[in-house]
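Here is how names work: the chains are called A, B, and so on, in the same order as the sequence lines, proteins then strands, and each is numbered from 1.
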Amino acid sequence: MDDDSRQHEALLRNKLRLQVVITLCVGSDIDRTPHRCARGCDIICPSPELEKRGERSLRLRFAPSPTGYLHVGGARTALYNWLLARRFGGAFVLRIEDTDISRSTEEAIEAILEDMRWLGLDWDEGPETGGDHWPYRQTGRATLYLKAARSLLEEGKAYRCFCLPEELEARREKAVAEGRSPMYDRRCRSIPPEETHRMEQEGRPFALRFLVPEGETVVRDAIRGDITFNNAEIEDFVLLRGDGTPTYNLAVVVDDRDMEISHVVRGDDHLPNTPKQILLYRALDTAEPAFAHLPMIVGQDGKPLSKRHGDVAVGRFREEGFLPDAMVNFLALLGWSLDDATTIIDRRTLVTNFGLERVGSKPAVWDDDKLLWMNAQYIMAMGDEDLARALMPFLAREGLAEEDDEQALERMLSAAPLIRERMKVLSDAVPLVAFLFREVEAEEEAKELLRGEENQAILRETGKRLLELDRFDSASIEEALRATAEGMGIKPRKAFQPIRVAVSGSRVSPPLFESMHILGREKCMQRIARALEAGGEQDR
RNA sequence: GGCGCAUUAGUCUAGUUGGCCUAGGACGCCGCCCUCUCAAGGCGGAGAUCGUGGGUUCAAAUCCCACAUGCGCUACCA
């Protein structure tokens, strides 16, 4: 049996096992195999609670808060959700979590949408797309939260708290200083109803707090398994602020419930929030979704990614000339693997193979070098035309050519094969091809290659030869240059350098003959003449 | 402080039911080859006592316990 068929068999076996687990999970004995379900069945199995209600459709979401640009951590979360939705034919919902009005901005929202589109993460429901659960940003859903909050209050599952933020803060500090737990002490819980009513009538602001029930709450995480939290360690968290706006925990639960989200896949910084949310789902008499918490992405120093670690905004990668597919490939591999050997994985393969069962649980360190390498791989796989077109905006930005300049595009088309494997990001092309679009001044360090008896002679002789050529294509040019070198008894690697500097202005350039061909005889001759002049002057 | 999560080479990771692991692949690094420069490519190499200490077992990276370290949460931020 060859390797291929062995691999195939292994795949088949895996698939089969998955199938079995799925069957196991959706069967009626769900409750008796809780752990097996949480870890084994992965995302394919909707949470048992939803399952009981017969709701099987997969609905995933990405819910960024527009307090800044989309960073790579968020992008990865979005990608995983998108991949899962696409793989299993589910819906991918984009929801803007802007309950923190003071920190949210319209620009941030637009930028996030733009980055999502660039990465190719299209959403089935959300801003600009619409959907059955409109609106898809939290500021437009205030009444829904209020309604949920009211019902909790009426059912005695939440209560008014008249403590002022400053008071709470002071008490917390004191508690910590004295070594006590800084948890809210529930003092407002015991205010008699008449009193509460009176204070409310007086117009005293209050926050609504959730009354955390006794007992334990188990989070069944698809990546980590079951995690048990003691409710006694969860404080009566705030649902509604003094100004009536909802806090994150309330809003997220109400939205996920209303939008019928079946699987919540997010960063593991949310793990401690999860028991609170599960409690809320239950208080609202709603089946909770399945949860999966992704490990964070951290910098080389092990600290969470932030502006400190260089710019981690998705937009920055776009501007530098990273390709969306390379980003997606790289992001996917940050915490997930296809197998024990594959690194380059196209989007299609990702979609058909991605699953939470191969998501790891330790933090992933962002590695710029590897991203660069991967991007280079994707650039090398591009066709000439695609590459040339992709490069035009970068030329335009540097003022080398208009973006829609047909002639320039034509030139880039010929240059593409020469520079493709010399770039890591698209913007790398600019210094490589600049000499094709504008006159050059030799770099300081390169100037000495134009001076001196021998170098001048090379330039002179080569110029003569080039002039005599019938055809000015790269083969003829190569022949001429080699003949010149040989005639003068100089090694090619030495003889070509002055020409390179004369033509490109640099000691490093794309392949010489092809470059000269693209530049054209006239330009080449001019530049060699100029080099002779410049080098000759220096000599005297 | 409390609660939670994590811990395989510089990095991403494979390793899921203990033996096929003298720990596999990739990035990076080093060397050689190719070569008109730079790349790309080819070949080869160094680099991991699998956080530490115990235990279970004929056998542990894999199971159990403790400790250490890192990170997260502990907000009327999300």
Atom pairs under 3.5 Å, N or O on each side, protein against nucleotides 4-7 of chain B: can you list them with distances?
unit_1	atom_1	unit_2	atom_2	d
B:C5	O3'	A:R224	NE	3.1
B:C5	O2'	A:R224	NE	3.0
B:C5	O2'	A:R224	NH2	3.0

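- Between A:R171 and B:A75 there is no side-chain N or O to OP1 or OP2 distance below 4.0 Å.
- Across the protein-nucleic acid pair, A:N231 atom CG and B:U74 atom P stand 17 Å apart, rounded to whole Å.
- Looking at heavy-atom distances under 4.0 Å, A:H293 makes no contact with the nucleic acid at all.
- The residue A:T342 sits apart from the nucleic acid: no heavy atom pair falls under 4.0 Å.
- Using the Watson-Crick or G-U wobble rule with both distances under 3.5 Å, B:C50 pairs with nothing in any strand shown.
- For the segment residues 510-519 of chain A, residues with any heavy atom less than 4.0 angstrom from an atom of RNA chain B are, sorted by number, A:P510, A:P511, A:L512, A:F513, A:E514.
- Side-chain atoms of A:T77 and A:R266 include no donor-acceptor pair closer than 3.5 Å.
- Between A:P213 and A:F210, the closest heavy-atom pair is CD-CE2, 4.1 Å.
- Each of A:E486, A:E478, A:E479 was evaluated against A:R482; a single residue qualifies, A:E478, per the salt bridge (charged side-chain N to carboxylate O under 4.0 Å, His left out) test.
- Between A:F354 and A:W336, the angle of the ring planes lies from 30° to 60°, which puts this pair in the tilted group.
- Taking side-chain N and O atoms only, A:S337 has a distance below 4.0 Å to OP1 or OP2 of B:A14.
- Residue contacts for A:C161: at a heavy-atom cut-off of 4.0 Å it reaches no nucleic acid atom on any strand shown.
- Note on A:R420: every side-chain N or O is 4.0 Å or more away from OP1 and OP2 of B:A40.
- Put simply, the side chain of A:D269 and the base of B:A78 share no donor and acceptor less than 3.5 Å apart.
- A distance-only check finds a donor-acceptor pair linking the side chain of A:N455 to the backbone of A:R451 [under 3.5 Å].
- The line from CD1 of A:I499 to OG1 of A:T484 is 7.5 Å long, rounded to the nearest 0.5 Å.
- Of the listed nucleotides (B:C36, B:C76, B:A78), B:A78 has the atom at the smallest distance from the side chain of A:E97.
- Across all their heavy atoms, A:D384 and A:P417 have their closest contact at OD2-CG, 3.8 Å.
- Within the nucleic acid shown, A:M374 has no heavy atom closer than 4.0 Å to any nucleic acid atom.
- One side chain, A:D236 or A:Y159, offers a donor N or O that lies under 3.5 Å from an acceptor on the other.
- Taking 4.0 angstrom as the limit, A:S181 places none of its side-chain polar atoms (N or O) nearer than this to OP1 or OP2 of B:G1.
- The P atoms of B:U13 and B:A59 are separated by 33 Å, rounded to the nearest whole Å.
- Taking the C1' atoms as reference points, B:G47 lies 9 Å from B:C29, given to the whole Å.
- Note: CG (A:D236) to C1' (B:C76) measures 14 Å, nearest angstrom.
- Base-pair partner of B:U56: not found among the strands shown (Watson-Crick or G-U wobble, both distances under 3.5 Å).
- Side-chain contact, A:Y136 with A:D255: no donor N or O sits under 3.5 Å from an acceptor N or O.
- Residue A:K494 has no polar side-chain atom (N or O) positioned under 4.0 Å from OP1 or OP2 of B:U37.
- What separates OH of A:Y378 from P of B:A40 is a distance of 18 Å, to the nearest Å.
- Of the side-chain N and O atoms in A:R180, none sit less than 4.0 angstrom from OP1 or OP2 of B:G1.
- Summarising the geometry, the separation between CG on A:L449 and P on B:C38 is reported as 13 Å, rounded to the nearest angstrom.
- Contact between A:I477 and A:F513 at its shortest, heavy atoms only, is CD1-O, 3.7 Å.
- Across all strands, A:R507 comes closer than 4.0 Å to base atoms (heavy-atom distances).
- The residue A:G242 sits close to a base: some heavy atom pair falls under 4.0 Å.
- With a cut-off of 3.5 Å on both pairing distances, B:C38 has no Watson-Crick or G-U wobble partner at all.
- Among the protein residues, A:G335 comes within range of the sugar-phosphate backbone only, with heavy atoms under 4.0 Å from sugar or phosphate atoms but none that close to a base.
- If you take CG of A:D367 and P of B:A26, they are 15 Å apart, rounded to a whole angstrom.
- Across all strands, A:E235 comes closer than 4.0 Å only to sugar-phosphate atoms, never to a base (heavy-atom distances).
- Across all strands shown, the partner of B:U7 is B:A68, judged by Watson-Crick or G-U wobble contacts whose two distances both fall under 3.5 Å.
- Between A:F330 atom CZ and B:C12 atom C1' there is a gap of 7 Å when expressed in whole angstrom units.
- In this structure, A:R204 fails the cation-pi test against A:F206, since its NZ or CZ atom is not both closer than 6.0 Å to the six-membered ring centre and inside 45 degrees of the ring normal.
- In this structure, A:L334 places its CG atom 16 Å from C1' of B:A14, rounding to the nearest Å.
- Heavy atoms of A:L168 sit under 4.0 angstrom from at least one base atom.
- Pairing partner, B:A14: none, since no Watson-Crick or wobble contact has both distances short of 3.5 Å.
- Residue A:K303 places at least one side-chain N or O closer than 4.0 Å to OP1 or OP2 of B:C71.
- Across all strands shown, B:C43 forms a Watson-Crick or G-U wobble pair, both distances under 3.5 Å, with B:G31.
- Pair check for B:C73 finds B:G2; Watson-Crick or G-U wobble, both atom distances under 3.5 Å.
- Counting only N and O atoms by type, the side chains of A:D98 and A:Q138 include no donor and acceptor under 3.5 Å apart.
- The CG atom of A:L418 sits 17 Å away from the P atom of B:C38 (whole-angstrom rounding).
- For the pair A:E167 and A:R171, the salt-bridge criterion is met [side-chain N within less than 4.0 Å of a carboxylate O].
- For A:R224 and A:S361, the side-chain atoms include no donor-acceptor pair closer than 3.5 Å.
- The residue A:N230 sits apart from the nucleic acid: no heavy atom pair falls under 4.0 Å.
- Residue A:R493 places at least one side-chain N or O closer than 4.0 Å to OP1 or OP2 of B:U37.
- Rounded to whole Å, the separation between the C1' atoms of B:G25 and B:G15 comes to 12 Å.
- Between B:C38 and A:R500, no contact under 4.0 Å exists linking OP1 or OP2 to a side-chain N or O.
- Base pairing analysis places B:U22 opposite nothing; no Watson-Crick or G-U wobble pair with both distances below 3.5 Å involves it.
- Both A:R103 and A:P492 lie near RNA chain B, and the one whose nearest nucleotide falls closer to the 5' end is A:P492.
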